[in-house]
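Please read the structure below before turning to the comments.
Within every chain, numbering begins at 1; the chains are lettered A, B, ... in the order of the sequence lines, protein sequences first and strands thereafter. Everything numeric here is computed off the predicted structure, so don't read it as measured data.
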Protein chains: 2
Amino acid sequence: MPGHALLELETFLPYRLSVLSNTLSQAIAKVYEKRFDLSVTEWRAMAVLGYCANLSAREVAERTAMDKVAVSRAVARLLAKGHIERGTARHDKRQSVLRLSEEGWKIYDQVAPLALEHEQRLLAHLNAEERQWLARILDTLWQAELVESKR
Amino acid sequence: MPGHALLELETFLPYRLSVLSNTLSQAIAKVYEKRFDLSVTEWRAMAVLGYCANLSAREVAERTAMDKVAVSRAVARLLAKGHIERGTARHDKRQSVLRLSEEGWKIYDQVAPLALEHEQRLLAHLNAEERQWLARILDTLWQAELVESKR
DNA sequence: TCATAATAGTTACATCTGAAACCATTCGCA
DNA sequence: TGCGAATGGTTTCAGATGTAACTATTATGA
């Protein structure tokens, strides 16, 4: 095809990242979606609340990189299922205060190890040197892209 | 939180890949969605057909990592817009044969350079050594994850 | 202190998406 | 040959998603 730009998907970074990340996320998701009836957004919210309790919905959105509508819906479903509890911030009645319930913790304690295990299985294919480079490179790209996207 | 697994999203590989890849894809998509009225799936199909013409829908699906329903719909819309042409395989009447139209090429020739440029802008933040490591690591993870996902 | 703007979160609507059912064609094999 | 299974592709339906509009509350500043 003379005269046309050469865009080869197989070696195109955004494409490769996208496919890799999707198959990876789905592989983990498949497990907890069936077994615990949790969507990806729901699990993300739970994951972040398991790591840091008493966040507002906005804070959950920031930390999960989901938008506030997605968080609102995930929170509604998690409340309905009894996986989280919601209070209101004393100093600002607009803000909610979210945390895992007793039940929520039980689920978290099953899903989190699964996720970590999957990550380890994947990282096992890399040696120590490669892991360090990967971490470093992701940091750099992350920074660069976040700056770009805010312009 | 004693006794609970420590899953920190900020350093969790699948999560980092997912966020990075999404912001990256969206950044590029935003441009051609507005300017050329193309969805991500539509552009993916065009990209692969620009690189290799006369593919069947199934082959497009394989190369774009989209499922066949998504491809079917993207193809339908691209046909309606006149961006691609469709024939039938001589040896198998079930299979379609897809290629960019004259019009399609005109759009491809504008979007592909944009995408490549965005990739270059991102890669500019990495030095030669980092780029090599990244390519190598992605290869490895790609292989590993595809094998996993097919089990 | 009051009016306006900004923020937290929800709702409504239109679009997108995936799973499963579906049709047409081809393959495998007795 | 011919019949059941497999394959390529489309349609349907139910659920997910993003944008924009909305309510309630708090911040700002004349």
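- Computed from coordinates, the B:E33 CD to D:dT19 P distance equals 9 Å when rounded to whole Å.
- Closest approach to the B:V69 side chain among C:dT25, D:dT10, C:dA8 is made by D:dT10 (side chain taken as heavy atoms from C-beta onward).
- In this model, a donor atom of one side chain and an acceptor atom of the other lie less than 3.5 Å apart for A:R44 and B:S18.
- Rounded to whole Å, atom C1' of C:dT10 lies 16 Å from atom CD of A:Q95.
- The nearest whole Å value for the distance from the CE atom in B:M66 to the C1' atom in C:dC16 is 13 Å.
- Ranking D:dG9, C:dG9, D:dT19 by closeness to the A:R86 side chain, first place goes to C:dG9.
- Summarising the geometry, the separation between CD on A:Q26 and P on D:dA16 is reported as 15 Å, rounded to the nearest angstrom.
- For C:dT10, one of the phosphate oxygens OP1 or OP2 lies less than 4.0 angstrom from a side-chain nitrogen or oxygen of A:S72.
- The side chain of A:R58 lies closest to C:dG9, out of D:dG8, C:dG9, D:dT19.
- Distance alone, capped at 3.5 Å, places no donor-acceptor pair between the A:K106 side chain and the A:H83 backbone.
- Checking A:S39 against A:R90, the closest nucleotide of DNA chain D that is more toward the 5' end is the one next to A:S39.
- Note: CD1 (B:I84) to P (D:dG9) measures 12 Å, nearest angstrom.
- In this structure, A:L79 places its CG atom 12 Å from P of C:dG9, rounding to the nearest Å.
- A salt bridge is absent between B:R63 and B:E59: the closest approach of a Lys/Arg side-chain nitrogen to an acidic carboxylate oxygen does not fall below 4.0 angstrom.
- Between A:R94 and A:V75, the one whose closest nucleotide on DNA chain C sits nearer the 5' end is A:R94.
- Closest contact between the side chain of A:R77 and the listed nucleotides C:dG9, D:dT25, D:dA16 involves D:dA16.
- In summary, of the residues considered (A:N127, A:L126, A:L134), a side chain to side chain contact (heavy atoms under 4.5 Å, CB included) with B:T140 occurs for A:L126 alone.
- With hydrogens and angles ignored, the 3.5 Å screen pairs no side-chain donor or acceptor of A:S96 with any backbone N or O of A:R86.
- Rounding to whole angstrom units, NZ of residue B:K68 and P of C:dT17 are separated by 18 Å.
- Side-chain atoms of A:R73 lie closest to D:dG18 of the nucleotides D:dG18, D:dT10, C:dT25.
- At whole-Å resolution of the value, CG in A:D92 and P in D:dA24 are 16 Å apart.
- Of the candidates C:dT17, C:dT26, D:dG9, the closest approach to any side-chain atom of B:S56 belongs to D:dG9.
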